[in-house]
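Input: one structure, supplied below.
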Amino acid sequence: MNLFGWTIEKRADTSSVSDSDTSGVAVSDELRRFLGENTSLTREQALEIPSVGASIKLISDVISALPVNLFKTEKGEVKQIKGDRRCYLLNYDTGDTMTAPQFWRAMLEDYYLGKGAFAYINKRYEDVVSIHHVKCENISFLTNTDPIFKDYDICVNGKRYGKYEFIKLLRNTRDGHKSTPMQEQSGTMAAVAYNELRFEKSLVETGGGKKGYLCPDSVKDEATLNKIKSRLISLFSPNGDRVAVFSRGAEFHELSSTPTELQLNENKETNSAELTMLFSIANPIIRGNATQKDIDNFINFCIMPLIADIEASLDRDLLTELEKEQGYHFYFDVKELKRGNIKERYEAYEIAYKNNFLLVDEIREKEDLEPLGFEFVRLGLDSVLYNIKTGEIYTPNTNATTNMKNFKKGEKIADESGSES
């Protein structure tokens with residue numbers, strides 16, 4: 001419905017994956033099936049696929065374990081702002097019924113499988129008091145009709161809110177207010193994996209029996225045929241008879257293939273790898289046999305882009321306009337993710353220390369250890385040190401100092417001891 005340039009999008013039915021983009025009216029899955037349209041999987045069906053559920057859980061667990069800090073950049077110097085209420089809400093207690101880890105898990109599930117992740121920012125004047133996750137099923141939009149200067153408001157249970165009152169995490173959005181769910185974006189791939197699970201379930205329920213048809217030669221009347229049919233159905237039901245007796249001459253013809261003939265196990269492994277690729281996750285990580293390269297790729301290509309998306313949303317929605325102008329920004333502490341294994345990390349510290357990239361206390365700070373107050377840099381006696389600003393040259397081996405600015409072409413350089421070189 002269009003009202004003074006605004007389009008009202010009704011809230012979708014819980015069985016529907018997304019709202020209609022043309023009329024603003026949600027069309028249920030049942031109606032789509034009646035009309036013969038292809039439907040994508042529901043959120044619950046997508047989570048039944050092991051690789052999808054495991055991928056979302058892995059990403060959610062990693063993000064929920066990372067602390068969110070507030071920083072301020074001023075005159076090229078970055079300073080952490082400690083004691084901010086918003087960081088406490090994002091890291092520990094949201095002020096809602098959810099803890100912070102539960103909040104991030106719910107948000108990221110909506111981010112991947114819903115039409116977006118939304119959290120209401122409860123404010124008292126300019127101070128953020130609490131943050132409340134709102135299920136995306138309870139969200140609807142009031143949008144304008146301008147394709148350039150897009151704008152919208154958010155409705156929750158019929159009550160209208162400004163978009164600035166919510167934290168919004170959107171995935172693959174084209175309008176700035178609604179995500180594209182994974183099961184909708186890659187519906188065919190997800191549907192194949194889900195139907196494989198349904199096929200396995202039917203095999204288990206029927207004891208592995210294959211579909212087919214029975215050809216009785218001597219039976220002609222309908223009552224006897226129905227009796228044979230009921231016995232055959234009972235034979236393949238989970239709690240049915242284990243023995244069925246048919247008249248002489250009845251022959252059973254198979255219509256379906258066995259799981260081995262269908263290469264079901266091979267297809268499952270391939271489809272699992274393809275689905276985890278949608279999340280930029282190497283399949284060995286899900287199966288527990290990942291290499292260090294797989295883990296590094298997971299951090300660089302899955303977690304870091306997601307963190308950048310979340311940080312941009314937090315900066316937009318949680319910071320005031322004055323704070324944005326003053327250089328405030330939220331930042332996830334990813335130090336623990338990038339530290340690698342202890343052997344590689346210590347070898348890197350050794351190289352950095354020997355080449356004077358890091359001091360001892362700087363290394364100890366990265367390892368969360370107390371500083372020793374050792375602020376010296378080791379220098380070899382065979383080194384000649386040159387200060388590019390003052391032109392001063394110092395030779396530790398001879399304890400000699402001279403200055404290049406006092407040197408004229410053709411003259412010998414004399415150090416402070418009076419010896420010439």
Side-chain angles (χ1 to χ4, degrees), residues 46-47 49-69 90 101 104-114 116-117 169-173 179-190 192-194 196 265-315 329-352 357-358 363 366-368:
L47 284 173
I49 304 173
S51 53
V52 173
S55 296
I56 294 177
K57 183 180 185 303
L58 174 63
I59 296 171
S60 301
D61 288 346
V62 171
I63 296 296
S64 63
L66 297 177
V68 185
N69 298 318
L90 294 172
W104 286 115
R105 292 187 182 102
M107 291 285 284
L108 290 172
E109 187 176 306
D110 285 348
Y111 175 82
Y112 282 107
L113 299 180
L169 302 181
L170 306 177
R171 173 184 177 272
N172 289 351
T173 182
S179 290
T180 303
M182 184 279 300
Q183 71 274 21
E184 182 179 309
Q185 179 185 2
S186 304
T188 303
M189 182 72 254
V192 169
Y194 180 73
E196 283 181 342
N265 192 53
E266 292 83 353
N267 290 338
K268 280 179 58 181
E269 293 181 358
T270 302
N271 293 335
S272 175
E274 295 292 327
L275 284 171
T276 54
M277 282 175 56
L278 298 176
F279 297 92
S280 299
I281 300 176
N283 196 250
I285 294 180
I286 302 297
R287 299 186 178 276
N289 55 355
T291 63
Q292 186 60 44
K293 184 176 180 181
D294 292 332
I295 297 174
D296 292 340
N297 289 338
F298 167 67
I299 295 172
N300 293 328
F301 303 125
C302 176
I303 296 299
M304 295 308 298
L306 176 58
I307 284 177
D309 198 3
I310 297 175
E311 288 174 347
S313 297
L314 294 179
D315 291 345
H329 59 276
F330 287 97
Y331 185 76
F332 277 85
D333 188 356
V334 296
K335 179 176 62 177
E336 293 297 327
L337 286 180
K338 292 188 171 183
R339 291 176 75 170
N341 62 61
I342 189 169
K343 184 176 183 294
E344 293 178 351
R345 194 164 72 249
Y346 280 18
E347 288 175 349
Y349 289 153
E350 181 183 10
I351 295 172
F357 286 106
L358 293 174
I363 295 174
K366 291 180 179 296
E367 291 295 314
D368 298 324

> Which atom pair, heavy atoms only, marks the closest approach of S280 to C302?
Replying inline: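 Of all heavy-atom pairs spanning S280 and C302, the closest is O-CB, 3.5 Å.
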>> With a 3.5 Å distance limit and no angle check, can you tell me whether T180 reaches the backbone of N172 through a side-chain donor-acceptor pair?
In response: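 Yes, T180 side chain to N172 backbone: donor-acceptor pair under 3.5 Å.
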>> Just so I know, are the side chains of S179 and L170 near enough to count as touching, which here means a heavy-atom distance under 4.5 Å?
In response: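 The answer is yes; the side chains approach within 4.5 Å.
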> Mind checking whether I281 and I59 have side chains closer than 4.5 Å, heavy atoms only?
Replying inline: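 In short, these two side chains touch, coming nearer than 4.5 Å.
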>> Testing the basics here: between M182 and R171, what is the closest heavy-atom pair and its distance to 0.1 Å?
In response: N-NH1, 3.5 Å
>> Restricting to side chain to side chain contact (heavy atoms under 4.5 Å, CB included), what partner residues turn up for N300, sequence neighbours left out?
In response: D296
> Roughly how far, to the nearest 0.5 Å, is the CD1 atom of I363 from the CG atom of L358?
Replying inline: 5.0 Å
> Taking all non-hydrogen atoms of both residues, which atom of D110 and which atom of G116 are closest, and how far apart?
Replying inline: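 In this case the closest contact between D110 and G116 is CB-O, 3.4 Å.
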> Between atom CE of M107 and atom CD1 of I310, what is the distance when rounded to the nearest 0.5 Å?
Replying inline: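 CD1 of I310 is found 8.0 Å from CE of M107.
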> Do you know the tightest heavy-atom contact between V68 and F330?
Replying inline: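 Heavy atoms of V68 and F330 come nearest at CG1-CD2, 4.0 Å.
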> F279 and L275: which non-hydrogen atoms are nearest, and at how many Å?
Replying inline: CD1-O, 3.3 Å
> Going by atom types alone, do N267 and E196 pair a side-chain donor with an acceptor below 3.5 Å?
Replying inline: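 Distance-only check fails for N267 and E196.
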> Per the side-chain contact (heavy atoms from CB on, under 4.5 Å) rule, which among L314, D309, I307 passes with E311?
Replying inline: I307
> Less than 4.5 Å apart, any side-chain heavy atom of L66 and any of D333?
Replying inline: no
> Is there a donor-acceptor pair under 3.5 Å between the side chain of E109 and the backbone N or O of I56?
Replying inline: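 No, the answer is negative, given that no donor and acceptor are paired below the 3.5 Å cut-off.
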>> Measuring only between side-chain heavy atoms, which start at C-beta, is W104 closer than 4.5 Å to L90?
In response: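 A side-chain contact under 4.5 Å exists here.
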> Does CE in M189 sit with more than 12 non-hydrogen atoms of other residues, nucleotides or ligands closer than 6.0 Å?
Replying inline: yes
> Got a donor-acceptor contact below 3.5 angstrom from the S272 side chain to the K268 backbone?
Replying inline: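 Side chain of S272 to backbone of K268: no pair is present.
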>> Just to verify, what does E347 make a side chain to side chain contact (heavy atoms under 4.5 Å, CB included) with, not counting sequence neighbours?
In response: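 Side chain to side chain contact (heavy atoms under 4.5 Å, CB included) check on E347 returns K343.
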> With side chains defined as the heavy atoms from C-beta onward, is the minimum distance between Y112 and L306 less than 4.5 Å?
Replying inline: yes
>> Let me confirm one number: the CD-CG distance from E184 to L113, rounded to the nearest 0.5 Å.
In response: 11.5 Å
>> Does anything in residues 50-69 form a ring-ring contact (aromatic ring centres under 6.0 Å, His included)? List the pairs, not counting sequence neighbours.
In response: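 Output for this query is empty, none listed.
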>> What I'd like to find out is whether the side chain of V62 reaches to under 4.5 Å of the side chain of F298, using heavy atoms alone.
In response: yes
>> Under a 3.5 Å distance rule, please check whether N297 uses its side chain to pair with a backbone N or O of D294 as donor and acceptor.
In response: no
> What distance separates R287 CZ from S51 OG, expressed to the nearest 0.5 Å?
Replying inline: 8.0 Å
